[in-house]
Protein chains: 2
Amino acid sequence: MRKPATPSNHNPTALLRTHGLRVTPQRLAVAELVFSKPMHVTARIVHEQIRQNHPAISMNTVYLTLGQFEACGLLKRFEVHGNIVFDSNTSPHDHACCNRCGTIIDLDSSPSASSKHTVQLPTQLKPWQIEGERRIWMGLCPDCSSESVL
Amino acid sequence: MRKPATPSNHNPTALLRTHGLRVTPQRLAVAELVFSKPMHVTARIVHEQIRQNHPAISMNTVYLTLGQFEACGLLKRFEVHGNIVFDSNTSPHDHACCNRCGTIIDLDSSPSASSKHTVQLPTQLKPWQIEGERRIWMGLCPDCSSESVL
DNA sequence: CCACTAGATAGGATAAATTCCTATAAAGGA
DNA sequence: TCCTTTATAGGAATTTATCCTATCTAGTGG
Ligand SMILES: [Mn+2]
Ligand SMILES: [Mn+2]
Ligand SMILES: [Zn+2]
Ligand SMILES: [Zn+2]
């Protein structure tokens, strides 16, 4: 039995090729990082991480690469506290963000997540061409919440 | 019968005094603008508007003033497309934002808006200290939607 | 009506995030 | 290996928001 031909998300090289992106060391490094597991990253964080192995990688490349991954549908972009955050979990879900430490967590979809989207579209948005919906809970995470009591 | 003693929202001077803010020409001008009706404004927009009558007003003053109004509970702050937006409608409600022209509209609260908050708090957020929840629908407004077809 | 003081303002410096520009480098196909 | 297209690094430019400070003033009390 041979390996399946379908490129796996765990094979960054194949993933890039599948989406018509040239396989460069920088792009590969970013892919290996952000697709290793579901995560929320900013360009700055990616840059800091990648620089450990690619000291010369530029912010520009990081921005371009993340933007391309988004264009391919491999990442979703949202904003929190004025920063652009890229999410490698591309299925629809809500977030909670800690106002103090910046931690962002995924919220499990409600039981009827998919139906919710169609059912709960507000009447006023009928004439709109809605592309997406974003819900963020703001507050203090358990750690910061307990610290603030001290 | 005399005028009621309760300061009205339509009397910016009284509104400022009520909240312990000195009545300066700049502050008054900002108050007259943002409290004249429900609106969504950025510091830049407020600055441009106020400058028509107060050519020397600084962005710093605008930022400070809007921040103070927020601290008083007279404005709510949220973000969209990386910009800070101040909302003079302080009751809880969702928004829709046009990705092309930037228009922001208020969405009528769902029938059980208040109960929704307690009922729908995700289980995962039990250990959190939630301060608020933001929901934004992104897409194209009717105008931009029809233009994009042409 | 005047003087005093806490608070407000203008303007400039600073900071941070993102985009733009361009010459050079390199991936991948011929 | 050569060639064309695309990617990259680095820096400039833009944008937004905050910080700093000297000056000014609203409101208070004399
Ligand atoms: Mn997520
Ligand atoms: Mn609103
Ligand atoms: Zn936290
Ligand atoms: Zn529009």
Side-chain angles (χ1 to χ4, degrees), chain A residues 7 12-33 40-72 74-75 77-86 99 102 104, chain B residues 7 12-33 40-48 50-72 74-75 77-86 99 102:
Chain A
T13 301
L15 187 66
L16 294 179
R17 290 241 160 79
T18 300
H19 290 87
L21 297 171
R22 287 186 180 176
V23 180
T24 68
Q26 295 90 335
R27 213 172 256 164
L28 202 50
V30 176
E32 282 169 350
L33 172 63
H40 308 105
V41 289
T42 61
R44 188 180 50 77
I45 291 174
V46 170
H47 187 239
E48 284 171 1
Q49 292 288 117
I50 304 295
R51 244 195 323 189
Q52 294 176 8
N53 292 324
H54 294 264
I57 193 171
S58 69
M59 279 300 286
N60 194 9
T61 297
V62 173
Y63 274 111
L64 281 170
T65 303
L66 293 175
Q68 287 160 339
F69 288 174
E70 183 200 13
C72 293
L74 295 170
L75 293 177
R77 174 195 305 235
F78 64 101
E79 293 166 31
V80 62
H81 288 160
N83 288 89
I84 298 176
V85 176
F86 292 90
N99 285 331
I104 300 171
Chain B
T13 300
L15 188 65
L16 294 180
R17 291 241 160 80
T18 301
H19 290 86
L21 297 171
R22 288 189 180 175
V23 180
T24 69
Q26 296 91 334
R27 212 173 255 165
L28 201 49
V30 175
E32 283 169 350
L33 172 63
H40 307 104
V41 290
T42 61
R44 188 180 50 77
I45 290 175
V46 170
H47 188 239
E48 284 171 1
I50 304 296
R51 245 196 323 191
Q52 294 176 7
N53 292 323
H54 294 264
I57 194 173
S58 69
M59 277 300 284
N60 194 9
T61 297
V62 173
Y63 274 112
L64 281 170
T65 304
L66 293 175
Q68 287 160 338
F69 288 175
E70 182 201 14
C72 293
L74 295 170
L75 293 177
R77 175 196 303 236
F78 63 101
E79 293 168 30
V80 62
H81 288 160
N83 288 90
I84 297 177
V85 176
F86 291 89
N99 285 332

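Reminder, nothing fancy here: chain letters follow the sequence lines and each chain counts from 1. Note: hydrogens, waters and symmetry copies are ignored here, and every other heavy atom, side chains too, is used.
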Participant: Looking only at side-chain atoms of B:Thr61, point me to the closest of C:dA10, D:dA26, D:dA9.
Facilitator: C:dA10
Participant: Starting from P on C:dA16, measure out to CE on A:Met59 and report it in whole angstrom.
Facilitator: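 Checked: the CE to P distance equals 13 Å.
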Participant: Tell me if a side-chain donor or acceptor on A:His47 pairs with a main-chain N or O of A:Ile57 at a distance below 3.5 Å.
Facilitator: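 Yes; judged by distance alone, with no hydrogens or angles, the pair exists.
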Participant: Compare the minimum distances between each of D:dT18, C:dA10, D:dA26 and the side chain of B:Ile57, then state the nucleotide with the smallest one.
Facilitator: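 Looking only at heavy atoms from C-beta outward on B:Ile57, the closest nucleotide is C:dA10.
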Participant: Heavy-atom nearest nucleotide on DNA chain C for B:Val62 versus B:Arg22: which residue maps closer to 5'?
Facilitator: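 In this pair, the answer is B:Arg22.
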Participant: Using a cut-off of less than 4.0 Å, is there contact between a side-chain N or O of B:Gln68 and OP1 or OP2 of C:dG7?
Facilitator: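 The answer is no; no side-chain N or O of B:Gln68 sits under 4.0 Å from OP1 or OP2.
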Participant: Tell me whether the OP1 or OP2 atom of D:dA7 has a side-chain N or O from A:Thr65 closer than 4.0 Å.
Facilitator: no
Participant: Are B:Glu79 and B:Val85 close enough that some pair of their side-chain heavy atoms sits under 4.5 Å apart?
Facilitator: no
Participant: Write down the distance between NE2 (A:His47) and P (D:dG11), rounded to a whole number of angstrom.
Facilitator: 12 Å
Participant: If you find the nucleotide of DNA chain C closest to A:Asn60 and the one closest to B:Arg27, which residue's nucleotide is nearer the 5' end?
Facilitator: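 Checking each residue's closest nucleotide, the 5'-ward one belongs to B:Arg27.
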Participant: In whole angstrom, what separates B:Arg51's CZ from C:dG11's P?
Facilitator: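 Rounding to the nearest Å, CZ of B:Arg51 and P of C:dG11 are 11 Å apart.
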Participant: Any side-chain N or O of A:Thr24 less than 4.0 Å from the OP1 or OP2 oxygen of D:dT8?
Facilitator: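 For D:dT8, OP1 or OP2 has a side-chain N or O of A:Thr24 closer than 4.0 Å.
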Participant: Using modelled atom types only, decide if a donor and an acceptor are shared between the side chain of A:Arg51 and the backbone of A:Ala56 within a distance under 3.5 Å.
Facilitator: no
Participant: Check the distance between D:dT21's P and B:Leu64's CG and give it to me in whole angstrom.
Facilitator: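 For the pair B:Leu64 CG and D:dT21 P, the rounded distance is 15 Å.
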Participant: Side chain of B:Leu21: nearest nucleotide among D:dG10, D:dT16, C:dA8?
Facilitator: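 Of all the options, the side chain of B:Leu21 is nearest to C:dA8.
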Participant: Whole angstroms only, please: what is the NE2-P distance between B:His81 and C:dT19?
Facilitator: 12 Å
Participant: Does the side chain of B:Tyr63 get closer than 4.0 angstrom to OP1 or OP2 of D:dT18 through an N or O atom?
Facilitator: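 No, B:Tyr63 has no side-chain N/O under 4.0 Å of OP1/OP2 on D:dT18.
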Participant: Has B:Thr65 got a side-chain atom pairing as donor or acceptor with B:Thr61's backbone, closer than 3.5 angstrom?
Facilitator: yes
Participant: Please report the distance, rounded to the nearest Å, between CZ in A:Phe86 and P in C:dA17.
Facilitator: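 Nearest whole value for this atom pair: 14 Å.
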Participant: Rounded to the nearest Å, what distance is computed from the CD atom of residue A:Glu79 to the P atom of nucleotide D:dT16?
Facilitator: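 My rounded result for the distance is 12 Å.
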Participant: Between atom NE2 in A:His19 and atom P in D:dA7, what is the gap in whole Å?
Facilitator: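 Nearest whole value for this atom pair: 15 Å.
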